[in-house]
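Worth saying up front: this structure is predicted, and the values here are computed from it rather than measured. Note that the numbering runs from 1 along the sequence shown for the chain.
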Amino acid sequence: ANYTVTTTNDDPAGGTCTAGSCATLRDALTAANADTTADTITFASGLSGTITLSHGALPVSGIGGVTITGPGAGDLTISGNNASQVFHITAPYADNASVAIDDLTITDGASGANPGGAIEDSPSSGQGISLSLTGDTISDSSTTSSDDGGGGLYAYASVTIADSTITGNTAADALGGGVHVKYAENPDATNGGNDLTITSSQITNNTAEFGGGVAEGQTVSITGSQITGNTATEEFGGGIFALDRSLSLTDSSVSGNTSE
């Protein structure tokens with residue numbers, strides 16, 4: 001189904017959409033989560049500004065997957081208000097299903113002791129649904145997780161990032177200031193490992209204990225991107241931490257990163 005968000009408001013429980021028109025993004029996701037097929041969420045023409053979340057993270061649980069397409073990262077921001085994650089994705093892996101979040105700024109997420117300051121893609125068991133981020137800015141978010149980290153993004157799933165900026169995020173006590181994709185110790189035979197692919201993106205000025213910019217992934221492939229100005233407060237991986245992982249760098253710059 002197709003849903004159109006018409007305001008920048010938030011509401012507590014997720015109201016009812018009428019003929020595909022939804023007053024809030026939370027309403028649209030409530031409808032999409034109840035659907036077993038793929039859904040699309042867009043925003044009304046001209047809608048801009050900031051959606052400040054006042055009722056916790058936006059849940060994404062529909063097994064059919066969903067594509068959320070904003071008007072542009074410079075036009076529409078979703079803020080966790082330094083009180084919650086922005087998106088909490090709990091849909092499990094499914095063949096031919098994915099979550100895509102495009103052309104938005106996602107900022108000021110705070111997950112507390114849970115991983116994924118701005119975005120977490122992790123079901124209660126098994127591997128999560130595949131996630132793609134295109135044309136996004138993920139910024140100024142944090143986690144105090146001492147295990148899985150991911151100041152900007154944590155995923156126990158395959159992740160593709162393109163044409164995006166991930167900056168100013170912190171996982172002070174764990175892995176992946178910008179991004180942590182946790183490798184699958186016992187990967188699903190169909191899904192394979194939790195791979196991380198980054199294309200034409202900037203991962204800058206993030207901080208973590210290990211892997212200030214990027215951490216892990218079953219395989220990590222970075223093309224046409226800049227990993228700069230990130231910090232690991234411990235010994236390893238100011239820019240990238242990929243211990244015993246397959247790492248490919250093509251036409252990319254990894255510079256100005258530091259580790260203690």
Does [X] reach the main-chain N or O of [Y] with its side chain, forming a donor-acceptor pair under 3.5 Å?
X    : Y    : value
S201 : T199 : yes
N169 : I138 : yes
S164 : G135 : yes
S141 : G109 : yes
H180 : D148 : yes
D103 : P71  : no
Q85  : P115 : yes

Let me confirm one number: the [atom1]-[atom2] distance from [X] to [Y], rounded to the nearest 0.5 Å.
X    : Y    : atom1 : atom2 : answer
D163 : S200 : CG    : OG    : 5.0 Å
S145 : L175 : OG    : CG    : 9.0 Å
D39  : N2   : CG    : CG    : 8.0 Å
T105 : I78  : OG1   : CD1   : 9.0 Å
I63  : T90  : CD1   : OG1   : 11.5 Å
S98  : L131 : OG    : CG    : 8.5 Å

Minimum side-chain heavy-atom gap [X]-[Y] below 4.5 Å:
X    : Y    : value
V254 : L249 : yes
I51  : F43  : yes
N114 : Y154 : no
I166 : L153 : no
Q218 : D195 : yes
Q127 : N194 : yes
Y3   : V66  : no
I119 : I89  : yes

Return all side-chain donor-acceptor pairs below 3.5 angstrom for residues 227-244, not counting sequence neighbours, or 'none' if the list is empty.
from, atom 1, to, atom 2, distance (Å)
N230, OD1, N205, N, 3.2
N230, OD1, N206, N, 2.9
N230, OD1, N206, ND2, 3.1
N230, ND2, I203, O, 3.0
N230, ND2, T228, O, 3.2
N230, ND2, N257, OD1, 3.0
T231, OG1, T258, OG1, 3.4

| Run the side-chain hydrogen bond (donor to acceptor under 3.5 Å, both in side chains) check on T137 and T165 step by step: do they pass? | CA-CA 5 Å; T137 296; T165 298; 4.6 Å; no
Heavy-atom closest pair, residues [X] and [Y]:
X    : Y    : result
A208 : G177 : CB-N, 3.1 Å
C17  : A31  : SG-CB, 4.3 Å
A171 : G176 : CB-O, 3.8 Å
K182 : Y156 : O-CD1, 3.6 Å
I106 : A118 : CG2-CB, 4.0 Å
G64  : A97  : O-CB, 3.8 Å

Distance-only polar pair, side chains of [X] and [Y], donor-acceptor under 3.5 Å:
X    : Y    : result
S252 : S225 : no
N9   : T24  : no
S79  : T50  : no
S158 : S130 : no

| request: Begin with the C-alpha distance, continue with both residues' side-chain angles, and end with the deciding distance and a verdict on side-chain contact (heavy atoms from CB on, under 4.5 Å) for L196 and I161. | output: CA-CA 8 Å; L196 172 60; I161 299 168; 4.2 Å; yes
Should [X] and [Y] be counted in the same cluster of Ile, Leu, Val, Met, Phe, Trp and Tyr side chains packed under 4.5 Å apart?
X    : Y    : answer
Y183 : Y93  : no
L58  : L76  : yes
L247 : F210 : no

| said: Go through it in stages, so that I can follow the logic: the residues are N81 and D108, the test is side-chain contact (heavy atoms from CB on, under 4.5 Å), and I'd like the CA-CA distance, side-chain angles, deciding distance and then a yes or no. | reply: CA-CA 5 Å; N81 203 28; D108 293 336; 5.9 Å; no
| request: Any chance you could lay out the side-chain hydrogen bond (donor to acceptor under 3.5 Å, both in side chains) test for T167 and T204, step after step, and finish with the verdict? | output: CA-CA 5 Å; T167 185; T204 65; 3.0 Å; yes
| field | side-chain contact (heavy atoms from CB on, under 4.5 Å) between T6 and L47, worked out | value | CA-CA 7 Å; T6 59; L47 188 68; over 6 Å; no
| request: Show your working on side-chain contact (heavy atoms from CB on, under 4.5 Å) between F87 and I68 and close with a plain yes or no. | output: CA-CA 11 Å; F87 291 102; I68 303 168; 3.8 Å; yes
